[in-house]
Peer 1: 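Here it is, the structure, as structure tokens.
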Amino acid sequence: MKLSRRTFITSVALTPVACGVPLGYQRGTPVTQPQPTPLVRAPQVGQEWTYIQRNVFDGKTLGLITDRVTSIGSTIVIERNDEGMGRLSNEVQGPWGTVITDPHWARTVTFNPPIALWPQDLTPTWSKQFITKYALAGYPNASYTWQEYMSAHGWEQVTVPAGTFLTLRYQNLINYESDDANKVNCIRKETLWFAPSIGRWVARECSGSYMIQGELGAPTNEDSYQWQLTSYK
């Protein structure tokens, strides 16, 4: 389903949030636009970022995940390992800041064409809409529509287990076509705090919802997740 930008944003804003025992949402302290605008750290083999992942609704820790740059060429490969589960799917960028394969969802997705991972202009007023196709890992011949509206919302000092960072907070509002034909009005919302000094986000929160084809009533809410940086190098 295709939505106009206005309808798309409104539909996300009205999506209800599921109830539960909540984890505290990430908060930062607003600061003015830094001058000069910070440069994004370039990728190097061996760079690492470790994140703790929690379920927002019950606060349960779901994993401790380390992302590590292992290859830089026409693409940049970031291997991912969970302390408890072992190897996870790789993230692939190309160029830096543009994602080809994104493993942060419940199922790894590959975009064609690739889309930006963070605002291309590090200012609080930047925004852009991306319309692309995605394929799921293991099913490269089937593709589905992915519509994403990315918008920056301001510079913030934010504190996570790894320390305090100067970040640009931005949101992704996503309307996507599910591979399950019974699921419609599939919506995801992300808030991220991107720290140019480490070339990566230091905090990330994600929630989503969908409706069942032909059924009335409120949307079905997916789990809501939070990631916080615990260490990096």
Side-chain angles (χ1 to χ4, degrees), residues 1-17 25-26 40 51 56 67 75-76 78 89-137 139-140 142-154 167-180 183-196 199-211 219-227:
M1 183 183 73
K2 293 184 178 180
L3 300 176
S4 69
R5 173 175 159 180
R6 182 181 299 275
T7 302
F8 172 45
I9 295 172
T10 301
S11 67
V12 174
L14 294 177
T15 301
V17 177
Y25 285 93
Q26 187 69 56
V40 178
Y51 299 92
V56 171
D67 299 347
T75 61
I76 299 148
I78 300 174
S89 297
N90 291 345
E91 176 183 320
V92 181
Q93 298 186 34
W96 188 233
T98 302
V99 64
I100 300 170
T101 300
D102 190 345
H104 292 93
W105 305 104
R107 301 166 70 184
T108 298
V109 300
T110 296
F111 297 109
N112 186 20
I115 57 176
L117 263 179
W118 56 75
Q120 297 166 316
D121 184 6
L122 299 181
T123 62
T125 58
W126 185 90
S127 64
K128 187 172 182 179
Q129 182 168 267
F130 301 94
I131 299 177
T132 186
K133 294 285 187 177
Y134 78 93
L136 294 165
Y139 302 90
S143 62
Y144 308 93
T145 300
W146 182 282
Q147 178 182 338
E148 179 173 321
Y149 180 68
M150 180 183 291
S151 58
H153 291 268
T167 67
L168 182 65
R169 178 172 60 87
Y170 67 98
Q171 287 189 336
N172 294 325
L173 303 181
I174 301 161
N175 173 244
Y176 67 99
E177 177 187 9
S178 175
D179 64 314
D180 183 345
K183 294 182 179 180
V184 296
N185 295 338
C186 300
I187 298 294
R188 285 176 180 159
K189 178 180 179 180
E190 291 189 291
T191 302
L192 301 95
W193 287 260
F194 175 71
R200 197 79 167 166
W201 43 273
V202 300
R204 180 175 188 165
E205 294 173 345
C206 176
S207 59
S209 66
Y210 60 88
M211 297 192 71
T220 297
N221 290 290
E222 299 177 326
D223 284 337
S224 182
Y225 301 112
Q226 179 191 81
W227 294 262

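Atoms considered below: every heavy atom in the structure, side chains included; atoms not considered: hydrogens, waters and symmetry mates.
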Peer 1: Could you tell me which non-hydrogen atom of A152 sits nearest to which non-hydrogen atom of T123, and how far apart they are?
Peer 2: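 That closest heavy-atom pairing would be CB-O, 3.2 Å.
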Peer 1: Closer than 3.5 angstrom, by distance alone: can the side chain of Y134 be matched with the main-chain N or O of E177 as a donor-acceptor pair?
Peer 2: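 Such a contact is found between Y134 side chain and E177 backbone.
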Peer 1: Examine distances only and state if a side-chain atom of S224 and a backbone atom of C206 form a donor-acceptor pair shorter than 3.5 Å.
Peer 2: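 Side chain of S224 to backbone of C206, a donor-acceptor pair under 3.5 Å: yes, one is there.
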Peer 1: Indicate the atoms forming the closest heavy-atom contact of I187 with Y176, along with that distance.
Peer 2: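 For I187 and Y176, the tightest heavy-atom pair comes out as N-CE2, 4.1 Å.
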Peer 1: Does any part of the side chain of L122, heavy atoms only, come nearer than 4.5 Å to the side chain of V40, both counted from C-beta?
Peer 2: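 Yes - at least one pair of side-chain heavy atoms lies under 4.5 Å apart.
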Peer 1: Give me the atom names and distance for the closest heavy-atom approach of A195 to T167.
Peer 2: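 Shortest heavy-atom contact: CB-CG2, 4.1 Å.
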Peer 1: State whether the side chain of T132 and the backbone N or O of N112 hold a donor-acceptor pair below 3.5 Å, judged by distance alone.
Peer 2: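 Side chain of T132 to backbone of N112: a pair is present.
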Peer 1: Please confirm whether the ring centroid of F194 lies under 6.0 Å from the ring centroid of W201.
Peer 2: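 No, too far apart.
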Peer 1: Using 0.5 Å steps for rounding, measure from the CZ atom of R169 to the CD atom of Q26.
Peer 2: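 Reported to 0.5 Å precision, the distance equals 11.0 Å.
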Peer 1: Nearest 0.5 Å, please: how far is CD1 in I131 from CG in N175?
Peer 2: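 Answer for the CG-CD1 pair, N175 versus I131, is 10.0 Å.
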Peer 1: Out of the candidates K189, R204, E190, only one should pair with N172 under the side chain to side chain contact (heavy atoms under 4.5 Å, CB included) rule; please name it.
Peer 2: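 For N172, the side chain to side chain contact (heavy atoms under 4.5 Å, CB included) check succeeds only for E190.
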Peer 1: Do D67 and H104 make a side-chain contact, defined as non-hydrogen atoms from C-beta onward lying under 4.5 Å apart?
Peer 2: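 Answer yes - side chains close enough.
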Peer 1: If every non-hydrogen atom of S178 is compared with every non-hydrogen atom of Y144, which pair is closest and at what distance?
Peer 2: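 So the two residues come closest at O-CD2, 3.9 Å.
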Peer 1: Atom CD1 of I174 and atom CZ of F130: how far apart are they, to the nearest 0.5 Å?
Peer 2: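 I174 CD1 to F130 CZ: 11.0 Å, rounded to 0.5 Å.
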Peer 1: Could you verify whether a donor N or O on one side chain and an acceptor N or O on the other, from Q147 and Q129, lie under 3.5 Å apart?
Peer 2: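 Result is yes, a qualifying pair exists.
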Peer 1: Hey, could you give me the OG/CD distance between S207 and E222, rounded to the nearest 0.5 Å?
Peer 2: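 Between S207 OG and E222 CD, I get 9.0 Å after rounding to 0.5 Å.
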Peer 1: Do S127 and Y149 have side chains that approach each other closer than 4.5 Å (heavy atoms only, starting at C-beta)?
Peer 2: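 In contact.
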Peer 1: First locate atom CZ of F111, then atom CG of D102, and finally report the distance between them rounded to the nearest 0.5 Å.
Peer 2: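 Rounded to the nearest 0.5 Å, the CZ-CG separation comes to 5.5 Å.
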Peer 1: Flag the pair Q120 / W126 as yes when at least one side-chain heavy-atom distance between them is below 4.5 Å, and no otherwise.
Peer 2: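 Result yes, sub-4.5 Å side-chain heavy-atom pair found.
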Peer 1: Apply the test side-chain contact (heavy atoms from CB on, under 4.5 Å) to residues T110 and I100: give CA-CA distance (whole Å), side-chain angles for both, the deciding distance (0.1 Å), then the verdict.
Peer 2: CA-CA 6 Å; T110 296; I100 300 170; 4.1 Å; yes
Peer 1: Does any part of the side chain of I78, heavy atoms only, come nearer than 4.5 Å to the side chain of R200, both counted from C-beta?
Peer 2: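 Of all side-chain heavy-atom pairs linking I78 with R200, at least one is under 4.5 Å.
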Peer 1: Salt bridge or not between K128 and D121? Use side-chain N to carboxylate O under 4.0 Å.
Peer 2: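 Here K128 does not pair with D121 in a salt bridge, since their nearest N and O are not under 4.0 Å apart.
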Peer 1: Evaluate side-chain contact (heavy atoms from CB on, under 4.5 Å) for T98 paired with Q93, printing each intermediate quantity in order.
Peer 2: CA-CA 5 Å; T98 302; Q93 298 186 34; 5.8 Å; no
Peer 1: Starting at NE2 of H153, measure out to OH of Y170 and round the result to the nearest 0.5 Å.
Peer 2: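 The OH atom of Y170 is 11.5 Å from NE2 of H153, to the nearest 0.5 Å.
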Peer 1: Is any side-chain heavy atom of D179 less than 4.5 Å from a side-chain heavy atom of R107?
Peer 2: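 Side-chain contact under 4.5 Å: yes.
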Peer 1: Tell me the closest heavy-atom pair linking S209 and N221, and the distance in Å.
Peer 2: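 Distance-wise, the nearest heavy atoms are CB-OD1, 3.8 Å.
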Peer 1: T108: what forms a side-chain contact (heavy atoms from CB on, under 4.5 Å) with it, not counting sequence neighbours?
Peer 2: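 Expected list: S89, T101, P103, A137.
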Peer 1: Who pairs with W118 by side chain to side chain donor-acceptor pair (under 3.5 Å), at least two apart in sequence or on another chain?
Peer 2: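 W118 satisfies side chain to side chain donor-acceptor pair (under 3.5 Å) with no residue once adjacent residues are dropped.
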Peer 1: Would you sort out whether I115 and E148 count as a side-chain contact (heavy atoms from CB on, under 4.5 Å), showing the intermediate values?
Peer 2: CA-CA 9 Å; I115 57 176; E148 179 173 321; 3.4 Å; yes
